[in-house]
*Asks:* 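Sending over a structure as structure tokens; questions will come in a sec.
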Amino acid sequence: MNENEIDQLFATIKKRLKDMPEGSYTVELSRKGLGYVARKVGEEAVETVVASLYESNERLVSESCDLIYHLLVLLAVKGVELEDVYEELRRRRK
Ligand SMILES: N=c1c2ncn([C@@H]3O[C@H](COP(=O)(O)OP(=O)(O)OP(=O)(O)O)[C@@H](O)[C@H]3O)c2ncn1[C@@H]1O[C@H](COP(=O)(O)O)[C@@H](O)[C@H]1O
């Protein structure tokens, strides 16, 4: 399978949540609970908006990475597969 960066990151996140190694930020985040992870997604979304309006494209790229990472952790914590998201995107394709 031709895995992209997002597929690879999601696989790593799921592995961290399965193995629960110490020192992993993903594990640290998941231990704080669903509400905390969900709030982090909201916080990173706001930071992405601020970067797009008031900062550089470099900052926008950086905040987008934070947003994507935290969204992937949220999906993994909820047990949603990235493939389900891809499928929905394909369903919407015109
Ligand atoms: N892509 C990421 C990634 N993007 C962002 N972050 C973390 O998200 C945090 C950004 O949020 P903040 O700026 O709010 O940071 P913070 O103040 O430390 O966070 P809080 O105290 O508010 O929770 C930083 O600590 C970053 O390290 C990430 N942490 C991990 N990854 C990747 O996820 C995979 C698993 O990482 P570990 O779980 O650390 O092994 C690896 O491939 C990593 O490269």
Side-chain angles (χ1 to χ4, degrees):
M1 187 168 65
N2 182 19
E3 279 203 332
N4 63 31
E5 292 297 331
I6 290 180
D7 291 325
Q8 283 182 25
L9 178 55
F10 193 64
T12 303
I13 287 168
K14 285 203 300 183
K15 188 164 167 37
R16 294 292 191 273
L17 294 179
K18 184 168 170 279
D19 300 344
M20 298 295 274
E22 290 306 319
S24 156
Y25 178 76
T26 309
V27 170
E28 196 183 302
L29 205 55
S30 73
R31 284 192 175 133
K32 291 180 177 172
L34 175 61
Y36 187 87
V37 178
R39 279 196 302 279
K40 284 297 290 184
V41 174
E43 190 185 298
E44 299 302 345
V46 170
E47 287 174 9
T48 303
V49 170
V50 170
S52 76
L53 294 176
Y54 307 112
E55 297 170 359
S56 63
N57 278 2
E58 196 177 315
R59 290 280 305 146
L60 177 57
V61 168
S62 174
E63 293 302 345
S64 298
C65 290
D66 282 351
L67 176 58
I68 290 167
Y69 163 75
H70 284 88
L71 177 59
L72 293 179
V73 174
L74 181 64
L75 292 174
V77 165
K78 287 291 291 179
V80 173
E81 286 298 331
L82 197 47
E83 187 49 44
D84 297 338
V85 175
Y86 289 156
E87 199 179 308
E88 176 64 13
L89 286 173
R90 281 194 294 272
R91 198 185 62 75
R92 294 180 185 192
R93 195 187 290 157
K94 291 178 183 169

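Whatever order the structure lists them in is the order used to number ligands and atoms, beginning at 1. Residue numbers count from 1 along this sequence.
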*Asks:* Are Val80 and Leu29 linked, directly or through intermediate hydrophobic residues, by side-chain heavy-atom contacts shorter than 4.5 Å (ILVMFWY only)?
*Replies:* yes
*Asks:* Is the CG atom of Asn57 crowded by more than 12 outside heavy atoms at less than 6.0 Å?
*Replies:* no
*Asks:* Name each N or O atom in ligand 1 that is under 3.5 Å from a protein N or O, and give the partner atom and the distance.
*Replies:*
from: ligand 1; atom 1: 11 (O); to: Glu44; atom 2: OE2; distance (Å): 3.3
from: ligand 1; atom 1: 14 (O); to: Lys40; atom 2: NZ; distance (Å): 2.4
from: ligand 1; atom 1: 19 (O); to: Tyr25; atom 2: OH; distance (Å): 3.3
from: ligand 1; atom 1: 19 (O); to: Lys40; atom 2: NZ; distance (Å): 3.4
from: ligand 1; atom 1: 22 (O); to: Tyr36; atom 2: OH; distance (Å): 3.3
from: ligand 1; atom 1: 22 (O); to: Lys40; atom 2: NZ; distance (Å): 2.8
from: ligand 1; atom 1: 23 (O); to: Tyr25; atom 2: OH; distance (Å): 3.2
from: ligand 1; atom 1: 23 (O); to: Tyr36; atom 2: OH; distance (Å): 2.6
from: ligand 1; atom 1: 38 (O); to: Ser24; atom 2: OG; distance (Å): 2.5
from: ligand 1; atom 1: 38 (O); to: Tyr25; atom 2: N; distance (Å): 3.3
from: ligand 1; atom 1: 38 (O); to: Thr26; atom 2: N; distance (Å): 3.0
from: ligand 1; atom 1: 38 (O); to: Thr26; atom 2: OG1; distance (Å): 2.6
from: ligand 1; atom 1: 39 (O); to: Tyr25; atom 2: N; distance (Å): 3.0
from: ligand 1; atom 1: 40 (O); to: Arg16; atom 2: NE; distance (Å): 2.7
from: ligand 1; atom 1: 40 (O); to: Arg16; atom 2: NH2; distance (Å): 3.3

*Asks:* Is Arg92 salt-bridged to Glu88, cutoff N-O under 4.0 Å?
*Replies:* yes
*Asks:* Would you call Glu83-Arg90 a salt bridge at under 4.0 Å N-O?
*Replies:* yes
*Asks:* Check the angle between the aromatic planes of Tyr69 and Tyr25 and answer parallel, tilted or perpendicular using the 30° and 60° thresholds.
*Replies:* tilted
*Asks:* Are the charged groups of Glu43 and Arg39 less than 4.0 angstrom apart, N to O?
*Replies:* no
